Amino acid sequence: MRSSFVTGILVVGLVVGITLQGLRWLRVAQREHYIVGSVSLFAIRWMRRRSQMSLSALLVVLTGALWFYDPQLSVVGAVLFGVICPRGLTVKGRTSPLAWTRRLRTLAGVTLALLILIESVIVVVGRHFPSAGWLLATVSLLFVPVTIDAAAKVTAPWERRAAQKYVDAAARRLSKVHPRVVAITGSYGKTSTKHHLAELLGATSGVVPTPRSFNNRAGLSRAINEHLGDDTRVFIAEMGTYGP
């Protein structure tokens, strides 16, 4: 029987691993416009890469071996997975860091509540079946993307209702001002292209590009409501298209 101190260290390690996983996949949720299921699909695609599969398989085998030796030690493998995998997917990202918007904070809060619920159930199981409890705690780290998707599913109806009034206001504003709209989309280079076009048209008054990376439905509505003046002749909209 291990000391409570060692158990505490392992639990802290598990929390660190889950936190790192959560921050990585929250950024994916934000970049994928909070579409329900997108984080899990992204995780599957990412982990199917050959280099990722090899590393993941090695860590899974290590975790399994540790569990058979001592169930508590399986947490060590889980923590390594949480810190390292998926390799190359960081919180900062390659293009922009995690932006703690109101919507992301809401999603993170609901995700945290679900994780606390899951871990509470695991604690109850662990009291009666210690080995199973440690195994479930280890496995729960692997399902952080699924937990975030579940949180997105829970918050989606409220988010749609909250955003609709701004979308309606933006539609009315566009109809009233009636500028020429230039929409820029694609996998890479949307923001740079938007800035270059705005510079080329800079000599012409009434050119309004969307600020920063406000490229989803809510961001475009906000850009229109806050920046579209009555004298706007050209509105350059960066669009991260993900549906009609």
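Numbers here simply count residues along the sequence, with the first being 1. It should be emphasised that the depicted structure is a prediction, and the values quoted were computed from it without experimental measurement.
Rounding to the nearest 0.5 Å places NE2 of H196 at 13.0 Å from CG of L201. Distance check, rounded to the nearest 0.5 Å: CH2 of W25 to CD of E32 gives 10.5 Å. Atom OG1 of T106 sits about 5.5 Å away from atom CD of E159, to the nearest 0.5 Å. From Q30, atom CD reaches atom CD1 of I148 across 11.5 Å, with rounding to the nearest 0.5 Å. Note that CZ of F81 is 5.5 Å distant from CD of Q21, once rounded to the nearest 0.5 Å. For the atom pair S131 OG and L135 CG, the distance stands at 9.0 Å (nearest 0.5 Å).
Under the 4.0 Å criterion applied to side-chain N and carboxylate O atoms, E238 and K194 are assigned as salt-bridge partners. Using a 4.0 Å cut-off between charged nitrogen and carboxylate oxygen, D230 and R173 count as a salt-bridge pair.
At a threshold of 4.5 Å between side-chain heavy atoms, the hydrophobic network of Ile, Leu, Val, Met, Phe, Trp and Tyr places V16 and L26 in one connected group. The hydrophobic clustering, which links ILVMFWY residues whose side-chain heavy atoms are closer than 4.5 Å, places V28 and F143 together. No path of Ile, Leu, Val, Met, Phe, Trp and Tyr side chains, each step under 4.5 Å between heavy atoms, connects L228 with V167, placing them in separate hydrophobic clusters. L23 is not connected to L112 by any chain of hydrophobic side-chain contacts under 4.5 Å among Ile, Leu, Val, Met, Phe, Trp and Tyr, and they are in different clusters. In terms of hydrophobic clustering, with Ile, Leu, Val, Met, Phe, Trp and Tyr side chains grouped at heavy-atom distances under 4.5 Å, I118 and L14 are assigned to different clusters.
In this structure, Y34 and D149 have side chains that are not in contact, with every pair of non-hydrogen atoms separated by 4.5 Å or more. A 4.5 Å side-chain heavy-atom check between I184 and M239 finds every atom pair outside the cut-off. Within the 4.5 Å cutoff, side-chain heavy atoms of I116 are placed close to those of S120. Between R217 and Q164, some side-chain heavy-atom pair lies under the 4.5 Å cut-off. Residues S140 and I122 are in side-chain contact: their nearest non-hydrogen atoms beyond the backbone lie under 4.5 Å apart. Looking at R233 and V207, their side chains never come closer than 4.5 Å, going by heavy atoms from C-beta outward. Looking at heavy atoms from C-beta onward, V182 lies in side-chain contact with L197 at the 4.5 angstrom threshold. Side-chain contact check for E119 versus I18: some heavy-atom pair is nearer than 4.5 Å.
For residues 175-185, the set of pairs meeting the side-chain hydrogen bond (donor to acceptor under 3.5 Å, both in side chains) definition, not counting sequence neighbours, comprises T185-T241.
Minimum heavy-atom separation, W158 to R102: CZ3-NH1, 3.1 Å. Between A156 and V36, the shortest heavy-atom contact is CB-CG2, 4.3 Å. Listed here is the closest heavy atom pair of G17 and L141: C-CD1, 3.6 Å. Across all their heavy atoms, A169 and N225 have their closest contact at C-OD1, 3.4 Å. In terms of heavy-atom proximity, K153 sits nearest to P157 at O-CD, 3.5 Å. Considering every non-hydrogen atom in both L220 and A237, the closest pair reads CD2-CB, 3.8 Å.
Of the possible donor and acceptor atoms, none in the side chain of H227 sits under 3.5 Å from a partner among the backbone N and O of V208. Between the side chain of S38 and the backbone N or O of I35 there is at least one donor-acceptor pair closer than 3.5 Å. S192 contributes no side-chain N or O that, together with a main-chain N or O of G189, makes up a donor-acceptor pair within less than 3.5 Å.
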